[in-house]
Undergrad: 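This is the structure, below, for whatever I ask next.
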Amino acid sequence: MSSHKQKALFLEAKNGQFVVGEHDIPKPGSGQVLVKIHTAALNPVDYKIQQTGALIEKFPAVLGVDMAGVVEDVGEGVQDYVKGNKVFAHGNFTDDQASYQQYAVATTDFTAKIPPNLDFDRAATVPLGFDTASVGLYSDQLGAGLTPPWVEGGRDKYAGKSILIMGGSSSVGSYVIQLAKLSGFSHIITTANPAHQDELKLLGATEVIDRHLSGEKFTAALQKITQQPIKIAYDAIALPETQRAAMSAVAQGGKLVMTLQPAVKEEEGKGRSVTATFGHPYAEPNKIMCSQSWKVLGKWLQDGLIKPNNFEVLPNGLFAIPGGLQRMKDGKISGKKLVVHPQETA
Ligand SMILES: NC(=O)c1ccc[n+]([C@@H]2O[C@H](COP(=O)([O-])OP(=O)(O)OC[C@H]3O[C@@H](n4cnc5c(N)ncnc54)[C@H](OP(=O)(O)O)[C@@H]3O)[C@@H](O)[C@H]2O)c1
């Protein structure tokens, strides 16, 4: 392989196979850095892209949005990074900025230095999950429009209030719990497998409802916890049944945010809004907000205010990704992120 080539995992076509091949090492443009990727994390969106072709303009395509590695080169105008910095970044749905390869360019607006208390693997579990949580809670257009904790008056603003989070053990759900804590919510109620209860309480959940309860049993469990109206619910799972349960809990004038398209409808008269979020920082409505949250994210990780996800490292570098995505699709991933080391692609 020539020195300006690297190994990358290509999705050949919609409904096609993933194949390891060669790809040019990209050059960082203005406001970008070139990252030698040590860890890339897997996400459900990747197998959904394989199934639907969504979000990708042309095939074959390199996928993957979570990366952590070392800065190899910096583009024009970049002042905050130098070669050798350890960073993590939110990639994009383009071949040069995707993470299922050995090198990618990252936009510095959605890049941060890895604090000394984290390694590449843990840092790579943060970008998509965190951004989806933060856009869903704080964006006016793609979320509940709460005041973010990184602006003046945002920290602890929601003291005394309750939030319901469906699926606290998911990657997105774990970051929603932690941001809800920074926002000061007094009751952070989440649904999860009881096996995850202790861990979710350490992240900030105040009560955990067994995720297998539905209908009247779910309502009874929630009412036992609080009689207060739930004005904000975040459904990180967003299956029709979790959406219905969340909607049943949201009070008049309340908001339900979800990670997939709504199966429940906003109800006229009751004024309950339903918003499908999109945790992609490059989306026009998200750019400014996400560039602000990324400015504080490294510090929050360093201070332990945001904790990364648990993870499992898959052997064989990029070759391991298709099998990992299949496990995810089969619902066999519980309370952790799968990660790979692209440099170990033999
Ligand atoms: N809109 C966006 O921009 C965006 C961004 C990111 C993700 N998403 C979507 O959001 C969803 C979550 O993504 P993720 O990466 O956070 O998933 P994930 O971490 O892979 O989720 C797995 C976890 O979800 C839990 N879970 C599964 N079904 C549940 C249910 N009915 N109730 C409560 N918990 C349940 C599992 O619990 P157990 O431990 O009990 O198995 C497991 O721990 C996916 O559909 C993904 O495609 C959307």
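Ligands are counted one by one from 1 in listed order, and the atoms in each one are counted from 1 as well. If you read the sequence from its start, that first residue is 1, and numbering goes on from there.
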Undergrad: Using a 4.0 Å heavy-atom cut-off, say whether Val172 meets ligand 1 through its side chain, its backbone, both or neither.
TA: both
Undergrad: Test your reading of the structure: does Ser334 have an N or O sitting under 3.5 Å from an N or O of ligand 1?
TA: yes
Undergrad: Just to confirm my output: which protein heavy-atom neighbour is closest to atom 41 (O) of ligand 1, and how far is it?
TA: Arg211 NH2, 3.6 Å
Undergrad: Quick one: do the Ser183 and Tyr138 side chains pair a donor with an acceptor below 3.5 Å?
TA: yes
Undergrad: Show which atoms of ligand 1 fall inside a sub-4.0 Å distance from at least one heavy-atom site of Gly279.
TA: 2 (C), 3 (O)
Undergrad: Using the rule side chain to side chain contact (heavy atoms under 4.5 Å, CB included), only one of Met258, Gln261, Lys265 pairs with Val274; which is it?
TA: Met258
Undergrad: Could Asp73 and Lys27 be called an ion pair, given the rule that one side-chain N must be under 4.0 Å from one carboxylate O?
TA: no
Undergrad: In this structure, which one of Gln102, Lys36, Gln6 forms a side chain to side chain contact (heavy atoms under 4.5 Å, CB included) with Ile25?
TA: Gln6
Undergrad: Report yes if the distance between the aromatic ring centroids of Phe130 and Trp294 is under 6.0 Å, otherwise no.
TA: no
Undergrad: What protein heavy atom lies closest to atom 23 (C) of ligand 1? Include the residue and the distance to one decimal.
TA: Ser170 CA, 3.7 Å
Undergrad: Going by atom types only, do Asp66 and Ser99 share a side-chain donor-acceptor pair under 3.5 Å?
TA: no
Undergrad: Does the structure place the NZ or CZ of Lys287 under 6.0 Å from the centre of the six-membered ring of Tyr282, at an angle of no more than 45° from the ring's axis?
TA: no
Undergrad: Do the two ring centres, one from Phe110 and one from His90, sit under 6.0 Å apart?
TA: no
Undergrad: So does Lys58 pair up with Asp95, basic N to acidic O under 4.0 Å?
TA: yes
Undergrad: Side-chain contact, heavy-atom cut-off 4.5 Å: Gln101 with Leu9?
TA: no
Undergrad: Looking at ligand 1, does any of its N/O atoms fall within less than 3.5 Å of an N/O of His280?
TA: no
Undergrad: Whether Lys83 and Glu72 form a salt bridge (side-chain N of Lys/Arg under 4.0 Å from carboxylate O of Asp/Glu) is what I want to check.
TA: yes
Undergrad: With heavy atoms only and a cut-off of under 4.0 Å, state how Leu260 meets ligand 1: side chain, backbone, both or neither.
TA: side chain
Undergrad: What residue and atom, counting heavy atoms only, is the protein's closest point to atom 48 (C) of ligand 1, and at what distance?
TA: Thr259 O, 3.3 Å
Undergrad: Just which atoms of ligand 1 are under 4.0 Å from any heavy atom in His196?
TA: 39 (O)
Undergrad: Before we go on, tell me: are the rings of Phe93 and His280 under 6.0 Å apart, centre to centre?
TA: yes
Undergrad: Quick test: of every protein heavy atom, which one is nearest to atom 36 (C) of ligand 1, and how far off is it to 0.1 Å?
TA: Ser169 OG, 3.9 Å
Undergrad: Which residue holds the protein heavy atom closest to atom 19 (O) of ligand 1, what is that atom called, and what is the gap in Å?
TA: Ser171 N, 2.8 Å
Undergrad: Which of the numbered atoms in ligand 1 are below 4.0 angstrom from a heavy atom of Gly167?
TA: 33 (C), 34 (N)
Undergrad: Please state which part of Ala195 comes within less than 4.0 Å of ligand 1, counting heavy atoms only: side chain, backbone, both or neither.
TA: neither
Undergrad: Where is the nearest protein heavy atom to atom 24 (O) of ligand 1: which residue, which atom, and how far?
TA: Ile237 CD1, 3.5 Å
Undergrad: Would Gly335 count as a polar contact of ligand 1, with the cut-off being nitrogen or oxygen pairs under 3.5 Å?
TA: yes
Undergrad: Please identify which atoms of ligand 1 are closer than 4.0 Å to at least one heavy atom of Ala236.
TA: 10 (O), 11 (C), 12 (C)
Undergrad: When you look for heavy atoms under 4.0 Å from ligand 1, do you find them on the side chain of Thr242, its backbone, both, or neither?
TA: side chain
Undergrad: Compute the shortest N/O to N/O distance between Lys337 and ligand 1 and return yes if it is under 3.5 Å, no if not.
TA: no
Undergrad: Do the side chains of Glu312 and Arg327 get close enough for a salt bridge, i.e. N-O under 4.0 angstrom?
TA: yes
Undergrad: Tell me which one of Leu338, Thr132, Leu239, Ile209 gets a heavy atom nearest to atom 4 (C) of ligand 1.
TA: Thr132
Undergrad: Just heavy atoms, cut-off under 4.0 Å: does Lys48 contact ligand 1 by side chain, backbone, both, or neither?
TA: side chain
Undergrad: When you measure from the heavy atoms of Ala192 to every atom of ligand 1, does any distance fall below 4.0 Å?
TA: no
Undergrad: Under 4.0 Å from a heavy atom of Asn193: give me the atoms of ligand 1 that qualify, with their elements.
TA: 40 (O)
Undergrad: Gln97 and Thr107: side-chain donor and acceptor closer than 3.5 Å?
TA: yes
Undergrad: Of all the non-hydrogen atoms in the protein, which one sits nearest to atom 15 (O) of ligand 1, and at what distance?
TA: Pro44 CD, 3.3 Å
Undergrad: Got the closest protein heavy atom to atom 42 (C) of ligand 1, with its distance?
TA: Ile333 O, 3.5 Å
Undergrad: Would you check if there is a donor-acceptor pair between the side chains of Tyr175 and Asp131 at a distance under 3.5 Å?
TA: no
Undergrad: Using a 4.0 Å heavy-atom cut-off, say whether Val135 meets ligand 1 through its side chain, its backbone, both or neither.
TA: neither
